[in-house]
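First listed ligand is number 1; within each ligand, the first listed atom is number 1. Note that the structure is a prediction, hence the values are computed from the model and not measured. Values below: all heavy atoms of this structure, side chains included; hydrogens, waters and symmetry mates excluded. Residue numbers start at 1 and run along the sequence shown.
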Amino acid sequence: MASKATLAGEIVSAYRDVTSYPTPTSADINISEGQATVVLQTLWSQHDLDRKEKTTLLRSHTINIATGSTLGKLGPQEVKNELWNKVSPSGKLRAVVRTGKDKQNEDKHYIEIFDSTRKLKTIDILALEKHGKIIDNDGQFGSFEWSSSEGHLLYLAEKKKAKTGSYFDPKAYKDSGSGDDDLPNEKPDLVRRGDEFEHIETWGEQLTERVHPVVCVLDIESNTVSVLENIPDDESAGQAMWGPDDAGIVVCTWKHSPYRLGLKFCCQRKSALYYLDLQKGSLDLLSQDGRAVRFPRFSPDMSKLIYLDVPEGGPHNQCARLVKIDWATRNRQVVVDEVKHAPDLEFPGIYTYNLARQVWFDDNIHIAMSTSWRSISAVIVVNTDNGKITRLEVDTADTQANINPQASYGFLGVKRNVVMMYYSTLNQPYNLLLAQVNDPSNLSSISWIYPDDHMETLDWLTFSVLVHKPSKSRINPKYENVDYESILCLPKQSQSGTLPPLIVFSHGGPNSVFDTSFNIISAFFCTCGYAVLMVNYRGSLGFGQDSILSLTGNIGTQDVMDVESAMVEVIAKGLVDGSRIFKFGGSHGGFLTTHLIGQYPDTFRAAATRNPVVNLASMFSTTDINDWIFAQAALEFDYRTLADDKLLPYLWLCSPMSHIDKVKTPILLMIGLDDKRVPPAQSFEYYKALKARNVSVRCLTYPKNNHSISDVDAEADCMVNTIVWFNNHLP
Ligand SMILES: CSCC[C@H](NC=O)C(=O)N[C@@H](Cc1ccccc1)C(=O)O
């Protein structure tokens, strides 16, 4: 690929090209004692634009562990209808949760057990009527675990729902046999009459099928399922793991009362980590009051349990602590604390949305994980005895490796001290990487293994990370040392020598971050001839907790000015055309987009946004996370708070809508009609306000799409339409 794409056909083909690179999502490795070879199995996700779906691909590499050479490769082959696929601890058995439909088109879930030669059994799990659907690897509730004895499987499923029906169902009022045909049959009927239209609370955006997850154990020998009943009924369970000797389980829970708030991207929700002793039936609280918990992981010898926690409430993602529990004494210790401020390149703390299942090295002391480290995604190794942190990355002086020093790394898991990871940059799609670590306390003696040939570097894109210091008037007096960054992507120099137009791209959250990983959107924009400035304004993850806190109470001003000022600095460098600037971003990035075109009406040629937050006053009572407004406005959240006469004026003033009368910039609005986070009414409100003011606006609506508009066809349509919209507004 590609010089500048301008015609619709070229734009489509550019999009096909950038979406043709798969992203690794998980890995496992089979290491047999005393053998020279290992088998690495990886799952990848790839867009299929023609089938309009994301496909899951399985690849296998056979690797000589001593030489690091790849002896054979299998795949990619497609994996379908599998919710879980897990090898037992001994490696002798495999359990798969498979989905399907029966002849009446009803959902089926089967648990299939395999040994190395055949399928041993299939259990039609929903037919047992013990629980609802099994929960997949949703990053929030789901887990699927073999017991160490390999006789049981632990998983999460939706609690069994009572059957509901109409009062007017003729079956409910059968002849009682009394001879009086008018008397209803009052025998208890298992159907809850009159409840069929009862409102069912869910866990919100992207978790609308999660209502009340419960912990289940399947006895593989007897094909029986037990639903564990010791967890309080107003708490949903998730992320369950077996404890030592399969004598109990550790499990996270989230309270339902007084009502459920959205959980997706919200790791600060009130939650608890428990140990449930299966013999005694007791439930012991392991976590600290006032802390929200995630990702419990036992060490291989089961002597230690680690997990992440953040303060309960406040911003939706924050700097996490790594906590360790010594299992024998139940002594809890903070291994890595929250980092308030990290000057220059110092460790800025732990920030992650996920933690791989296998994090422990064999020494039962070190763990590995991914985290945001300013604008780079890094893999770190943590000594859980003394909290020492080391970054796990290839020495870029190693010419054989040829890895960009600004590369981002992702962690997939560690087994027998072999770390499974990947790296990429904005101009190099994902590559697998194994680190064979002999001694986790001495990372200087790693053997790096590259299972594939290096992905080509895409020569039509170059990038650099820029550091921005807020000017004097923009320094936050409470957090005066906080700086921020942006990543500038430049397209291949045009033949005519003209400077490229610039798309200013702001991320959502606001507590999220752009990193240097391969990014389909930025690659696509560059292929189409645009430079892209991805701004990690103050409040982004990976810059210390102070950065996150500095934005609370200042949304709509500090973040807006950070983005504008980064843009001005880049224009001043003379690398982009300052007379052809565009604005792009979704959600909170859409909040910034609509703020910027309101506050700087003469700057942008056009804007495009996905599900933008435009009016906090009207969003207050409609979003699944109304506490977000309080957290970002630095107000105390209480479930009873109403949008009253004191609150509404403040919310209005923070909102892009308050600048509507100044807007001139043509804007493209893209709306997921099933968005529970930023309900479609937000965009429609903006659309009508612009129409009434005779400002050019186009609105695209995507049925059955949620906040992320990530259905393959919808996302593709958004991207191509964005470029067509920008091209149409190029002078
Ligand atoms: C009341 S909605 C506020 C905006 C929303 N924040 C949290 O969900 C948002 O910006 N969403 C992001 C999704 C996201 C959030 C946090 C981290 C990564 C992504 C978006 O859609 O980009």
_Top protein contact for atom 2 (S) of ligand 1, by heavy-atom distance_ = Arg677 CG, 3.4 Å
*Which class fits the ring pair Phe518 and Tyr430: parallel under 30°, tilted 30 to 60°, perpendicular over 60°?*
perpendicular
*What atoms in ligand 1 come closer than 4.0 Å to a heavy atom of Ser512?*
17 (C), 18 (C)
_Taking 4.0 angstrom as the limit and counting only heavy atoms of Arg610, give me the atoms of ligand 1 inside it, by number and element._
20 (C), 21 (O), 22 (O)
*Of the protein's non-hydrogen atoms, which lies at the shortest distance from atom 17 (C) of ligand 1, and what is that distance?*
Tyr353 OH, 2.9 Å
*asked:* To check your reading of the model: name the closest protein heavy atom to atom 4 (C) of ligand 1, its residue, and the distance in Å.
replied: Ser587 OG, 3.0 Å
*Do Phe265 and His316 have ring centres separated by under 6.0 Å?*
no
*Could you tell me whether the side chain of Tyr409 reaches within less than 4.5 Å of the side chain of Ile380, counting heavy atoms only?*
no
*Distance from atom 10 (O) of ligand 1 to nearest protein heavy atom, with residue and atom*: Gly509 N, 2.5 Å
*Using a heavy-atom cut-off of under 4.0 Å, does the side chain or the backbone of His707 touch ligand 1, or both, or neither?*
side chain
*Give the residue, atom name and distance (to 0.1 Å) of the protein heavy atom nearest atom 3 (C) of ligand 1.*
Trp628 CE2, 3.2 Å
*Do Met369 and Ile350 come within less than 4.5 Å of each other through their side chains, counting heavy atoms only?*
yes
*Is it the side chain, the backbone, both or neither of Phe591 that has a heavy atom closer than 4.0 Å to ligand 1?*
neither
*How about Trp628 and His588: are their ring centroids closer than 6.0 Å?*
yes
*Report, in ascending order of atom number, the atoms of ligand 1 lying under 4.0 Å from any heavy atom of Met619.*
1 (C)
*Could you give the distance from SG (Cys319) to CG (Asp546), rounded to the nearest 0.5 Å?*
10.0 Å
*Got the closest protein heavy atom to atom 13 (C) of ligand 1, with its distance?*
Phe265 CE1, 3.5 Å
*Do Tyr351 and Trp373 make the cut of ring centroids closer than 6.0 angstrom?*
no
